[in-house]
Amino acid sequence: MAERRPVTNARTTVRVGEESLERGAGGELHQTAGADTPTLTTAQGIPVADDQNTLRIGARGPSALEDFHFREKIFHFDHERIPERVVHARGMGAHGYFEAYESLADITRADPFQEKGKRTEVFVRFSTVAGNKGSVDLARDVRGFAVKFYTGEGNWDLVGNNIPVFFIQDAIKFPDIIHAAKQAPDRGFPQAQTAHDNFWDFISLTPESMNMVMWIMSDRTIPRSFRFMEGFGVHTFRLINAEGKSTFVKFHWKPKLGLQSVVWNEALKINGADPDFHRRDLWDAIQSGNFPEWELGLQLFDDDFADRFDFDVLDPTKIIPEEEVPVRRVGRMVLDRVVDNFFAETEQVAFCTQNIVPGIDFSNDPLLQGRNFSYLDTQLKRLGGPNFTEIPVNRPRCPMHNFQRDGHMKMDVPKGRANYEPNSWGLGPREDPVRGFRSHPTPEQGVKERVRSETFADHYSQARQFYLSQTETERAHIAEALIFELSKVETPAIRARMVAHLLNIDDSLARNVADGLRLKDMPAAADAALPTRQDLKESPALSVILNGPGSFAGRKVGALVTDGADAAVLQALKAALEKAGAMLEIIAPRIGGVEASDGTWIDADHEIDGGPSVVFDAVALVVSDAGAALLTNKPPARDFIADAFAHLKFIGYVEAAKPLLQKAGVLDSLDKGFIALSGPADAAAFVATCGDLRLWEREPGITPV
Ligand code: HDE
């Protein structure tokens, strides 16, 4: 008979680096439960003795089926994934609060707006639209901006985007636009981008999308960070006061730190350097106490305005310019807490446009009406049952009482005999005709038919207005974006079709794009249902550049340093950035750090290959002569500078950095974006200049359209 082996393998204590750990049977290094370490248990709460080895018959024998710990662990793992969102799959959430600046009781009875200073808990999820869950953050795409208000009278979900218009006018076209934008069904690519035939085929056959096309080809779709973008409720909603009076409203979110986008070449490189750039930015900002903040703005208007406005307020492809109906800022939203668990909160949060509370109501926008059907349906599929409202992130913070019972994953344990109403036991909740939600009694009448209102027929005028409201720089970016996207379209007829639409928007834009595509023949302008209006006033509120921060607060400088770096300059830079509410990160040849000129040790945040300039808003080159000599032969150091220059960033440099500038090919192009850091006194001026964010005037010399 073979020798009997010990039931448990001896554990020994070993030292690894600074730590004292246990070595188990498989050679694995780990800790066991102790005073500060809770005991590992199964999901049923049974303490686990060994989480490293399956139960087996003999050391080299088969595994035993009775190993309930192993089976439970693998079973749970096998079910870790739930269906990702069809759209907006990739997102990032955070907790915070909304605080009202004033009482809006005269306009709405909605709970968050009843008193000045009132705080309402919120959960926000930002997202991209087209990419799958694991795609990159800097795809050219619309961003979702969904806010769940946990009000005292139930959850209100304001499920918006960072763009105030949409591609289509009727919800029935949503599956088509999304199918066209996502990967082609035969090949499964391209992922997270619209630069392909299917997308532009659909778009070029859908003139109502032209206003949206201008927005998505603008820098709005490559935001620098979620913190620096606007949000919009898109549709017209209603606010209803206690007397039942209705006021139309459009919702806006205005970022406190101003608008900012990156440039396209930078976006492409960020996706390689840090695919989680936006997620990380939000996480880091909140964790470091720089809580992102937006003001909630309302455009309020009545039926008279709606009747005389140039476009139908129910048409989600149109805006109401802020210059016509000013945005009234009524409160602020602060995101002050990251999630504890991405899946439990960010993934399981279920936004539903139909979640509105007393004091808010829908309009007849046909897109909104369709959305109100879609979201509940999608949550059922994603979260697997009707009780998703009991998941902590979805659970209202106010009391919930009803007779809905049972179903998958019921968490609450309802008590009592009655699960119906009316009942004569006096059990359970009852309706409240005074407090309860009532729809605004709009008189509705009409022929039952499938039809598009003629008031939705102008497809080009606001596209033109948007384009003309941009700065020269931004107009050039729109043209470049169109050229890039259409250059990836393999079918020449689709390229020409798009140019035919652009001719109805702006002649010079159409010509620039046609030239950029090297179109042999200029097409005729597309037949338009209505001619493009030439009289709409420009709206400066539509430009990102004109609505920048005017300061460097919340932004980041990356300083490339070497051994012997001028310690005084670095300290001054750090102090000036802190004063401006901005951050400094150190990039060094090796991650361990460098020894500065005064012998102090400076820890690095990034190794040179892992901290390219694309992930910073501005850069500083604080190197020694010897350090510069070492770096001139390193391609990442040259790219660091060449990219910062090409992306129009401000570059602070010490004298010793000149050989590096030379090697990067920019020494002969020193413009006012290069700021000499001759001594600590120059740091403040450098940081002040960085507040302009980019030196746009450098651009025409680099990337002519
Ligand atoms: Fe959505 N949309 N959508 N959408 N949408 C979804 O719901 C839909 C539209 C928006 O962070 C889905 O939970 C239809 C406009 C955001 O969880 C789905 C139509 C706007 C999010 C859905 C639209 C949005 C979604 C997929 C056309 C801006 C992410 C997963 C009528 C105002 C919310 C889900 C989050 C998500 C349907 C158009 C914003 C399938 C049918 C317009 C921010 O229900």
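No experiment lies behind these values; they were computed from the predicted model shown. Note that ligands are numbered from 1 as they come in the structure, with each ligand's atoms numbered from 1 the same way.
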Worksheet item: When you measure from the side chain of N271 to the backbone N and O of L138, does any donor-acceptor pair fall under 3.5 Å?
Response: yes
Worksheet item: Do any pairs count as a ring-ring contact (aromatic ring centres under 6.0 Å, His included) and have a residue in residues 299-334, sequence neighbours left out, and if so which ones?
Response: F248-F301, F301-F305, F305-F309, F309-F311
Between ligand 1 and the protein, which N/O pairs fall short of 3.5 Å?
residue  : atom   : partner : partner atom : Å
ligand 1 : 2 (N)  : Y375    : OH           : 2.8
ligand 1 : 3 (N)  : Y375    : OH           : 2.8
ligand 1 : 4 (N)  : R371    : NE           : 3.4
ligand 1 : 4 (N)  : R371    : NH2          : 3.3
ligand 1 : 4 (N)  : Y375    : OH           : 2.8
ligand 1 : 5 (N)  : H88     : NE2          : 3.4
ligand 1 : 5 (N)  : Y375    : OH           : 2.6
ligand 1 : 11 (O) : R125    : NH1          : 2.7
ligand 1 : 13 (O) : Q379    : NE2          : 2.8
ligand 1 : 17 (O) : R85     : NE           : 2.8
ligand 1 : 17 (O) : R85     : NH2          : 3.2
ligand 1 : 17 (O) : R125    : NH1          : 3.4
ligand 1 : 44 (O) : S374    : OG           : 3.0

Worksheet item: Sequence neighbours excluded, which residues qualify as side chain to side chain contact (heavy atoms under 4.5 Å, CB included) partners of R450?
Response: I172
Worksheet item: Q169 and D315: side-chain donor and acceptor closer than 3.5 Å?
Response: yes
Discussion item. Within 45 degrees of the ring normal and closer than 6.0 Å to the centroid, is that where the cationic atom of K118 sits relative to F113?
Written reply: no
Worksheet entry | Test ring-ring contact (aromatic ring centres under 6.0 Å, His included) applied to F123 - qualifying residues, sequence neighbours left out | H95
